[in-house]
Peer 1: 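Pasting a structure here, questions to come.
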Amino acid sequence: MNARSDSTQWRDRLSWAELEDQSEILPESFYARPAEEVARALLGKILVHGRLAGRIVEVEAYLGADDPAAHASRGVTPRTRVIFGPPGRAYVFFIYGMYDCFNLIAEPEGAPGCVLIRAAEPLCGISEMRLRRPNARCVEELASGPGRLTMAFGITRRDTGRPVTGGDLTVRSLSGGASFEIETTPRIGIRRSAERPLRFLIAGNRFVSRRS
DNA sequence: CAATAGATCATCT
DNA sequence: GATGATCTATTGC
């Protein structure tokens, strides 16, 4: 029986009760440091929206004025205002006329910086994610990419500005996670500053996005 | 399997 | 008026 026809692959990896019991919401102070540091620290953490949960396996850091690839590099605009605001908030932007991309604000209030969440390993609520991602042919395809992830988790531009330190949308640390190595590469799909090593992923993980 | 075109719109020039 | 932190279907080898 191959992976595609094996229905057991669609089963949740973790029960909601177990997640509630063994995880803690990351506080605002977790995000109030350099974006690059926050990006690395977010790997292995759990993104939770409603009853959906997934382990973050791939991220990218976007900085400020000295990072032309970052939206915040040109200063405060209506769109980028939130990036200069308090840490631990969501920044969701719309791109290519079709997709939303989910970021977490880093750095203390007043300083720009954020982390793009590029991929997650689904843990809870997989059947609901599947409904939101009818094109996914296996669990690995549910949230392996920035656009895929927001579709699977039901995150939209309307979530911009929302704190992830409480309520419906949170990021948590789960106790007892296996250790892993962090792989560093250039960021994907950008033109300016394309060479900077600001993409971080869990080495060897099957749930990271494809292309480079 | 790899390459590429098309979809489609908010944001900034 | 051009561009872009993407995904998918289709084409071609």
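Labels below follow one simple rule: chain letters A, B, ... track the order of the sequence lines, proteins then strands, and each chain is numbered from 1.
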Peer 1: Pair up each side-chain donor or acceptor in residues 84-91 of chain A with any protein partner under 3.5 Å, not counting sequence neighbours, and list the distances.
Peer 2:
unit_1	atom_1	unit_2	atom_2	d
A/R89	NH1	A/E28	OE1	3.3
A/R89	NH1	A/P87	O	3.0
A/Y91	OH	A/H71	ND1	2.7

Peer 1: Using heavy atoms and a sub-4.0 Å distance, could you list which residues of residues 66-74 of chain A are near DNA chain B? By number, please.
Peer 2: A/R74
Peer 1: For residues 146-170 of chain A, which residue pairs qualify under salt bridge (charged side-chain N to carboxylate O under 4.0 Å, His left out), counting only residues two or more places apart or in two chains?
Peer 2: A/D100-A/R157, A/D159-A/R162
Peer 1: So that I can compare with my own list, what are the stems of DNA chain C, taken as at least three consecutive Watson-Crick or G-U pairs with distances under 3.5 Å?
Peer 2: B:1-7 with C:6-12, B:9-12 with C:1-4
Peer 1: Can you list the residues that meet the salt bridge (charged side-chain N to carboxylate O under 4.0 Å, His left out) rule with A/R55, with sequence neighbours excluded?
Peer 2: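 Once residues adjacent in sequence are excluded, the partners of A/R55 under the salt bridge (charged side-chain N to carboxylate O under 4.0 Å, His left out) criterion are A/E121.
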Peer 1: Between A/S144 and A/V208, is there a donor-acceptor pair closer than 3.5 Å when you use the side chain of the first and the backbone of the second?
Peer 2: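 Flag not set: sc A/S144 to bb A/V208 has no pair under 3.5 Å.
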Peer 1: Looking across every strand, which nucleic acid part, if any, lies under 4.0 Å from A/R192 by heavy atom: base, sugar-phosphate, or nothing?
Peer 2: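 If one applies the 4.0 Å heavy-atom cut-off, A/R192 turns out to touch nothing in the nucleic acid.
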Peer 1: Identify, with sequence neighbours excluded, every residue that meets salt bridge (charged side-chain N to carboxylate O under 4.0 Å, His left out) alongside A/E24.
Peer 2: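 If we apply the salt bridge (charged side-chain N to carboxylate O under 4.0 Å, His left out) test to A/E24, skipping adjacent residues, there are no hits.
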Peer 1: Under 4.0 Å, heavy atom to any atom of DNA chain B: which of residues 94-101 of chain A qualify?
Peer 2: A/F94, A/Y96, A/G97, A/M98
Peer 1: Quick check against the 3.5 Å criterion: does A/R192 have a side-chain atom that pairs as donor or acceptor with the backbone of A/I190?
Peer 2: no
Peer 1: How would you list all residue pairs meeting side chain to side chain donor-acceptor pair (under 3.5 Å) that involve residues 58-67 of chain A, not counting sequence neighbours?
Peer 2: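 Non-adjacent pairs meeting side chain to side chain donor-acceptor pair (under 3.5 Å): A/E58-A/R118, A/E58-A/R199, A/E58-A/S209, A/E60-A/Y62, A/D67-A/R187.
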Peer 1: State which residues pass side-chain hydrogen bond (donor to acceptor under 3.5 Å, both in side chains) with A/T150; sequence neighbours excluded, sorted by chain then number.
Peer 2: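 In terms of side-chain hydrogen bond (donor to acceptor under 3.5 Å, both in side chains), with neighbours along the sequence ignored, A/T150 is linked to no residue.
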Peer 1: Of all the choices, C/dA5, B/dC12, C/dT8, which nucleotide is nearest to the side chain of A/Y91 once you look at every atom?
Peer 2: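 Side chain of A/Y91 sits closest to C/dA5.
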Peer 1: Which residues, if any, of residues 145-164 of chain A bring a heavy atom under 4.0 Å of DNA chain C?
Peer 2: A/G145, A/P146, A/G147, A/R148
Peer 1: Can you list everything that forms a salt bridge (charged side-chain N to carboxylate O under 4.0 Å, His left out) with A/E128? Sequence neighbours excluded, please.
Peer 2: A/R132
Peer 1: List for me each residue that meets salt bridge (charged side-chain N to carboxylate O under 4.0 Å, His left out) alongside A/E18, sequence neighbours excluded, and say none if there are none.
Peer 2: none
Peer 1: In this structure, how many angstroms lie between the C1' atom of C/dT8 and the CZ atom of A/R132, rounded?
Peer 2: 20 Å
